[in-house]
Amino acid sequence: MGIFETIIIAIVEGLTEFLPVSSTGHMIIAQNVLGVESTDFVKAFTFIIQFGAILSVICLYWKRFFRLNKVPSGVSGKKAFLIKYEFYWKLLVAFIPAAVLGLLFSDAIDAMLERVEVVAVTLVIGGVFMLFCDRIFGNGEKTVMTDKNAFMVGLYQCISMIPGVSRSMATIVGGMSQGLTRKAAAEFSFFLAVPTMLAATAYKLLKLIIDPVQRTILADNMGILILGNAVAFAVALLAIKFFIGFVSKYGFKAFGWYRIIVGGAIIVMMLCGVNLQIA
């Protein structure tokens, strides 16, 4: 994979990671169009450059991400701990379901990453759902969630392990199903992306480092990884700002139509005999 392919795939990652259109699905499509072979390193690359997107969230929301709640006087012990670290506790509660299933089904998830037809179908199905999700859930009124709400969002996130579903879509819908406003659901989705994507990145890196052959390939391509993360970071900054403003005002219908058009186009091409499978 050369510099041009690296930049294009990283741009796709940065643009789509926090939009409800499936960054993984779009990177699979981009990889196929560019003719990039699906090696172990390339598969890991699509996860590792998510680290750049993680940094964009921390950069934009650093005051909220590193804020600790003030503990009222007279409160101590476990209650004081939960009050002080409430933000991180809820992220942990929401993160656990995906962490467990990700470890259990890592190989099956990797196998699905090569199935373009899976991406196409889930893009369409998710798109149809998004046409009606505003009507189903409304805009909600809650801006603060309970531990139970956080866990439910975490369960929704597990659905996004299927390529094409979109982690962002699953977690935002999960938040809206718990009565959160669209903006609050989207922001919690961004925050939850940090531990989720960081864990996925670390896991993929560890698998490469353990394997002597892959470790050498990783060292030889360190520049590619740095470039990919830098591009994903810069593009994700712009995408997050756009998305929050757009979805707060207009909802998700436009993203639903986009998913249907892209997924439908892929399905039509495959039915016409165009080979879209990744080598």
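Note that the structure is a prediction, hence the values are computed from the model and not measured. Heavy-atom basis, side chains included; hydrogens, waters and symmetry copies ignored.
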Original post:
So with a 6.0 Å cut-off around CD1 of Ile3, is the heavy-atom count from everything else above 12?
Top reply: no
Original post:
Aromatic rings Tyr61 and Phe190: how do their planes relate, parallel, tilted or perpendicular, breaks at 30° and 60°?
Top reply: tilted
Subject >> Listed once per pair and sorted, the side-chain hydrogen bond (donor to acceptor under 3.5 Å, both in side chains) pairs that draw on residues 5-17, sequence neighbours left out >> reply: Glu17-Ser23
**OP:** May I ask you to test the Arg259-Val124 pair for a side-chain heavy-atom distance under 4.5 Å?
**Re:** no
Original post:
Under a 4.5 Å cut-off applied to non-hydrogen side-chain atoms, are Met130 and Met169 in contact?
Top reply: yes
Original post:
Below 4.5 Å, heavy atoms only, C-beta onward: do Ile58 and Phe66 meet side chain to side chain?
Top reply: yes
Subject >> Ser166 side chain near Val21 side chain, heavy-atom distance below 4.5 Å >> reply: no
Subject >> ILVMFWY network linking Leu238 to Leu60, side-chain heavy atoms under 4.5 angstrom >> reply: no
**OP:** Supply the atom-to-atom distance Ile49 CD1 to Ile224 CD1, rounded to the nearest 0.5 angstrom.
**Re:** 11.0 Å
Original post:
Is there a donor in the side chain of Asn149 and an acceptor in the side chain of Lys90, or the other way round, less than 3.5 Å apart?
Top reply: no
Original post:
Side chains of Ile172 and Phe252: does their closest heavy-atom pair fall under 4.5 Å?
Top reply: yes
Original post:
If you count the non-hydrogen atoms of other residues, nucleotides and ligands that lie under 6.0 Å from CZ in Phe51, is the total more than 12?
Top reply: no
Original post:
Does a side-chain heavy-atom distance below 4.5 Å link Phe191 with Leu91?
Top reply: yes
Original post:
Which pair of heavy atoms, one from Ile244 and one from Ala186, lies closest together, and at what distance?
Top reply: CD1-CB, 3.8 Å
Original post:
Step by step, would you call Tyr156 with Ser177 a side chain to side chain contact (heavy atoms under 4.5 Å, CB included)?
Top reply: CA-CA 10 Å; Tyr156 272 84; Ser177 74; 3.6 Å; yes
**OP:** Show your working on ring pair (Phe, Tyr, Trp, His ring centres under 6.0 Å) between Phe246 and Phe255 and close with a plain yes or no.
**Re:** CA-CA 10 Å; Phe246 186 92; Phe255 296 104; 5.5 Å; yes
Subject >> Min side-chain heavy-atom separation Ile226-Met222 under 4.5 Å >> reply: yes
Subject >> Heavy-atom side-chain contact between Pro97 and Phe151 under 4.5 Å >> reply: yes
Original post:
Are Ile261 and Val33 connected in the hydrophobic side-chain network, where two residues link if heavy atoms are under 4.5 Å apart?
Top reply: no
Original post:
Should Tyr258 and Val268 be regarded as members of a common hydrophobic cluster, given that ILVMFWY residues are connected when their side-chain heavy atoms come within less than 4.5 Å of each other, either directly or indirectly?
Top reply: no
Subject >> Residues, nucleotides or ligands: over 12 heavy atoms within 6.0 Å of Lys84 NZ >> reply: no
